[in-house]
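Okay, so here's the structure we're looking at.
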Amino acid sequence: MSGVPWRHVSGEQQVSADEQTPAPGPASARLTLLVVLGTVAGALAFYLGMVLGSSSDIPANTTVLGVQIGGMTRAEAVATLEETLTPLSQEPIGIAAFDTSEELYPSDAGMSFDPIATVDAAEGRLLNPYSLVMRLFGSREVDPVVVIDDAELTDRLDAFADLIRTGSVEPTVHYEEMTPVLNPAEDGRDIDIPAAVTSIASAYLVTSGPVELPEVILEPAVSNEEAEEFVAGPATIAVSAPVTIEVEDIAPQVPPEAIADATHYLVEGDALAPQVDGALLHEWIAPELKPVEEPGNNATFEIDSNNVPVVVPSRVGRGVSDEVLAAAVSNAMFAEGDERVAPAPVTVRDPVLTTEAAAQLGVIEEISSFTQQVTYVDYMAHNLALASEYINGTLLLPGDVFSMNKTTENRDPENGYMEGWVIGPGGIFEKALGGGLSAATTTMWSAAFYAGLEPVEVQAHSIYISRYVPGLEATIAWDGFDMKFRNNTPYGVFITATSDETSMTVRMYSTRIYTKIDAEVGERYGVTANRKIYNESASCSAQTGGPGFTIDVDRVFYEGDEEVERETFTTTYVPAPQVVCGAKPDKDKNKNDEGGDPSPSPSVEPTPEPSAETAEGASTRTLGPIRGTSAPSLSRASDTVWSAPVSRPARGERRAGVA
């Protein structure tokens, strides 16, 4: 309430003599009292009138976000706010953080406008005299009443945060050859959700945004500057010299190359710490440790006379355990000079796969088998026998990837594979070490196909070879490409491989997931004719050739009689040229090489020096049926025996693969 200010002076009032008046008597005092009482009564009546008046209709000049509701009845005010502000309250609000933005709809975030509660606030009774006067004679802005569900809004903002939320990335260090290489740290980012809830609630009905949400930078425990210092210091010192391991009466040295091969660094707590692969270190110095070690063996499986896998127990060995060796090297690798020495006691070397763990792998039944027939040739029988030896007994744990090159390669010409026919440039056959391994590769991939395992790297021949199911075959090339598949099941997969003079069989044992898996081979399409080539070379080998084409093979998974999944594998073969040994006939001298017949030519009987028909590129199939199944075979595992026409060679050196 405004009014004339009162001025009060302290002390006695000083007046002149002629201004003096007689002292008031009793009548004058009564008059003064009546005046005061009348003034108070009038003010009280005026106040009560304002209070009573304030509880009726909405006071004049009352607005909500600029919407005039003054002088309206309660119902009129509610209707007006419903019409004007409710649509506004449903419009989206833009939100943004870092480089990402989107619209937040109030109905999805637990936000709403309450017009009834807003009118209640506008017409509420006031007791403060100043507020009463302003209500009657001044303008008045009433804040809208909104409803915010904190939990629902938090969930909505959390979903937006997931679009941009990243954890911090700690630095890591690994070695490339002998050089430590830093993988740098990265900041993470997030949103301060509680603060963001407050920001959105404050902006609701005030702005359409975008509302910049409070951003949070998540720093890694170890900065890049600290990691760079580690690389220049400890990580470099670690591979600066050998580490000597004192084991009983021997002192083998772990070379720097072994340390680099087996070590990388991860953040632990607030510092980079070495992660040392003790098993890999042990491989490096195993020959030096032989005098103090007695090897054990991992658990594995064998197939009994009823074609059922049986666990072969593991055996604990004696020696320097992987954990002890890793700890010893870790303790000494950051020292220099004569201090790069660590003791390592001889304890037990536990098997990687124990008997108990093997029993839990679910290797309980045959899940697939595949037999590939071949024509007898000495190199083919020899090479399939050697590949079978390398493959037989392979155990894939869940997630393991089988590599044909890694498992079967042997480049030793004395104790390894024989030379045989392989596909050379232009689809023309030539001799090379390991010819015929594509038959072993096809057998392995086909068994994996019927077992439902996941292809990782599978490449068919460039030209079609008629002994194979088109589109369901594979080959390898040492230093070129591999055949790999992954055990994508939760069970172990145990693999057996056997061969005789004219076939190779692979069986896989695990736990059956599907009732059966079939191969559906489609029709050939996109057929292209081959050409005729004349070859006067003394090493020429005639080949009939064949057309190129494309074909689809479907892998179909069944549960009971119902198809539950289907995968399509598409393979395109280029035309295989017809090779004629000798000079081009005179009548063809002025012609280019002729186009061939798009249908396969009949093959001929093999000769002691294999022609293309008996080599890696036979153009028609003259062999027995190819058998592949995802159901258990009816014969026993022992029915197929090793009967290669050559003695089984020593394994020799193994690295990675030509076929």
Side-chain angles (χ1 to χ4, degrees), residues 370-374 377 379-392 394 396 400-413 416-451 453-487 493 495 497 499 503-506 508 553 569 571-574 576 612 615-618 626 628 649 651-659:
F370 191 87
T371 297
Q372 176 64 56
Q373 304 283 350
V374 297
V377 187
Y379 81 84
M380 180 75 74
H382 173 96
N383 291 349
L384 291 184
L386 187 57
S388 295
E389 180 186 2
Y390 294 164
I391 294 168
N392 190 47
T394 297
L396 300 179
D400 282 355
V401 173
F402 174 87
S403 164
M404 190 70 178
N405 279 346
K406 184 177 180 181
T407 303
T408 65
E409 183 186 359
N410 182 344
R411 301 196 194 201
D412 186 343
Y417 296 106
M418 295 173 61
E419 280 195 345
W421 293 97
V422 300
I423 299 174
I428 299 175
F429 291 96
E430 61 184 19
K431 279 194 170 182
L433 195 68
L437 274 182
S438 68
T441 305
T442 293
T443 309
M444 274 297 291
W445 164 236
S446 299
F449 177 98
Y450 284 109
L453 302 183
E454 175 189 353
V456 174
E457 180 182 355
V458 180
Q459 181 162 327
H461 291 86
S462 58
I463 63 175
Y464 173 55
I465 301 174
S466 60
R467 64 167 163 259
Y468 303 126
V469 177
L472 185 54
E473 48 96 358
T475 187
I476 56 174
W478 294 339
D479 298 329
F481 48 86
D482 201 352
M483 189 280 290
K484 298 179 180 179
F485 58 84
R486 178 180 288 107
N487 176 11
V493 176
I495 303 171
S499 71
S503 70
M504 178 176 175
T505 297
V506 168
M508 296 189 175
V553 175
F569 299 83
T571 303
T572 297
Y573 296 101
V574 300
E616 195 64 3
I626 295 175
R651 187 181 182 94
E653 180 186 6
R654 294 177 57 202
R655 299 198 294 266
V658 179

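Residues Met508 and Ala451 come closest through the heavy atom pair SD-CB, 4.0 Å. Closest approach of Ala447 to Phe370, counting heavy atoms only: N-CB, 3.8 Å. Heavy-atom minimum distance, Thr571 versus Gly471: OG1-CA, 3.6 Å. Residues Pro455 and Phe569 share a closest heavy-atom pair of CG-CE2, 3.8 Å. Residue Met483 comes nearest to Met444 through the heavy atom pair CE-CB, 3.8 Å, listed as atom of the first residue, atom of the second, then distance. When all heavy atoms of Ala387 and Ala440 are compared, the closest pair comes out as CB-CB, 3.9 Å.
The CG atom of Leu384 lies 11.0 Å from the OG1 atom of Thr408; values are rounded to the nearest 0.5 Å. To the nearest 0.5 Å, the span separating OG1 on Thr443 from CE on Met404 amounts to 8.0 Å. Note that CE of Met380 and OG of Ser503 are 12.0 Å apart. Values are rounded to the nearest 0.5 Å.
At least one side-chain heavy atom of Leu396 sits less than 4.5 Å from a side-chain heavy atom of Phe485. Side chains of Met504 and Val374 form no contact here, defined as non-hydrogen atoms less than 4.5 Å apart. A heavy-atom distance below 4.5 Å is found between the side chains of Asn487 and Leu453.
Aromatic ring orientation, Tyr390 versus Tyr417: perpendicular (interplanar angle above 60°, classes split at 30° and 60°).
Of the possible donor and acceptor atoms, none in the side chain of Asp482 sits under 3.5 Å from a partner among the backbone N and O of Ile476. For His382 (side chain) and Gly416 (main-chain N/O), a donor-acceptor pair under 3.5 Å exists by modelled atom type.
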Would you check, one step at a time, whether the test side chain to side chain contact (heavy atoms under 4.5 Å, CB included) holds for Asn405 with Phe481? CA-CA 8 Å; Asn405 279 346; Phe481 48 86; over 6 Å; no
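In terms of the side chain to side chain contact (heavy atoms under 4.5 Å, CB included) criterion, residue partners of Thr442 (sequence neighbours excluded) are, by chain and number, Gln372, Ser446, Tyr468, Glu473. For Val553, the side chain to side chain contact (heavy atoms under 4.5 Å, CB included) partners at least two apart in sequence or on another chain are Phe449, Ala519, Val521.
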